[in-house]
Amino acid sequence: MSHAAGGVHILPYSRVVGQDELKLALELNHVVPRIGGVLMAGSRGTAKSTLVRAFALMAHGELPVTLPINATDDRVLGGWELDALIRGEARPQQGLLEDAALSGMLYIDEVNLLEDHLINVILDVVSTGVLSVQREGLATAKHLAFGLVGTMNPEEGGLRPQLLDRFGLMVAAEHLDVDARQRLIRTVLDFEEELAVAGSEWLAVAERDDAAIRARLEEARQRVRHIPVPDTVVRLCAQAAERMDAVGQRGEIVATLAARALAAREGADLVEPRHLQRVLPMALRHRRPESSFEWGFEDEDRVKDLFETV
């Protein structure tokens, strides 16, 4: 898969340094789209956009459809061709959600700055797989499926709890230490230099690594529905959600789906407690009252004994 799309060069996904939890969330949502999307929180300059674009290029072969902040309802949901309307003809015009279904992913940068009603509509389409539009005496309904990724900088404002809850997984950008920062700088420098090298072996190896990741994810997508979830794991999930004061039940359902996706990604024959324990922070951190989105040692300790007894 090329590292370039439309003349824009993107760092290969396999060469993005750090941000392991962000990568895991994107991959699990790709394996099981019903997880309902990924919300990434992090300060500016933490490679959120780079990672999303690199993932889309690796997984789908093209960049994600990007939703502009000032998008109108017609632009998002689809509308009518203006020229045709002037002539008295009603010709549907495809919206960004349908574009996303064709490309595989919708990306909303600074999702916390988007109007609430538009986020609601988009999240509803992601969760139900149906885009239903009724306006001006005409009604349409279509089945759509695409991966959703939103990014936000908490310093620029948050999302209301009911909107946070609609995102399946939430992850916080990792703070890189000195070693990781050094590797990141070197990787970016190498990438930019190799772009000018004809037949670059560096780029060829990176593309092969991307292809291997894509093949593993596609195999997981095929296997995931056949992987059983034991009742012991389901019970653990319910107990953990209660311990963490998770609001509603969407969190534990998403956690179970994500654990199953992780088991498929690892080639396991069934979902084990360790799979659930790994995904709990992503599924529950944004579903707690007055959460700061942190998931620290104290949070781990609250559920640790549950997993030690199985």
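Atom set for the values below is all heavy atoms of this structure, side chains included, hydrogens, waters and symmetry mates excluded.
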Could you tell me whether [X] atom [atom1] has more than 12 heavy atoms of other residues or ligands within 6.0 Å of it?
{"X": "R302", "atom1": "CZ", "result": "yes"}
{"X": "R44", "atom1": "CZ", "result": "no"}
{"X": "E218", "atom1": "CD", "result": "yes"}
{"X": "E300", "atom1": "CD", "result": "yes"}
{"X": "H117", "atom1": "NE2", "result": "yes"}
{"X": "Q249", "atom1": "CD", "result": "no"}
{"X": "Q182", "atom1": "CD", "result": "no"}

Original post:
With the 4.5 Å side-chain cut-off for hydrophobic clustering, are L203 and V188 part of the same group?
Top reply: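 Per the 4.5 Å side-chain linkage, L203 and V188 are not co-clustered.
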Taking the basic N atoms (NZ, or NE/NH1/NH2) and the acidic carboxylate oxygens, is any pair closer than 4.0 Å for [X] and [Y]?
{"X": "D165", "Y": "R250", "result": "yes"}
{"X": "R208", "Y": "E201", "result": "yes"}
{"X": "R243", "Y": "D305", "result": "yes"}
{"X": "R285", "Y": "E294", "result": "no"}
{"X": "D124", "Y": "R166", "result": "yes"}
{"X": "E266", "Y": "R274", "result": "yes"}

I'd like to know if the side chain of [X] reaches the main chain of [Y], judged simply by a donor and an acceptor atom lying under 3.5 Å from each other, with no hydrogens or angles considered.
{"X": "R214", "Y": "M58", "value": "yes"}
{"X": "D245", "Y": "R288", "value": "no"}
{"X": "D210", "Y": "S14", "value": "yes"}
{"X": "N29", "Y": "G37", "value": "yes"}
{"X": "K48", "Y": "S43", "value": "yes"}

Subject >> Partner of L77 by side chain to side chain contact (heavy atoms under 4.5 Å, CB included), out of L96, L131, V125 >> reply: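 One option only clears the test, and that one is L131.
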Subject >> For V224, the option from R260, E219, R265 that meets side chain to side chain contact (heavy atoms under 4.5 Å, CB included) >> reply: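 Among the candidates, only R260 passes.
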**OP:** Classify the angle between the aromatic ring planes of F55 and H30 as parallel (below 30°), tilted (30 to 60°) or perpendicular (above 60°).
**Re:**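 Ring orientation of F55 relative to H30: perpendicular.
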**OP:** Please identify each residue that fulfils side-chain contact (heavy atoms from CB on, under 4.5 Å) with A268, with sequence neighbours left out.
**Re:**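 Partners of A268 under the side-chain contact (heavy atoms from CB on, under 4.5 Å) test: A263, H275.
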**OP:** Kindly compute the distance separating CG (L262) from CG (L24), expressed to the nearest 0.5 Å.
**Re:**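 Here the rounded value is 6.0 Å.
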Original post:
Other than F297, what residues sit in its cluster of Ile, Leu, Val, Met, Phe, Trp and Tyr side chains whose heavy atoms are under 4.5 Å apart, directly or through others?
Top reply: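 For F297, no cluster forms, as it stays isolated from other hydrophobic side chains.
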Subject >> Residue pairs passing the side chain to side chain donor-acceptor pair (under 3.5 Å) test where at least one lies in residues 223-239, sequence neighbours excluded >> reply: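 Output for this query is empty, none listed.
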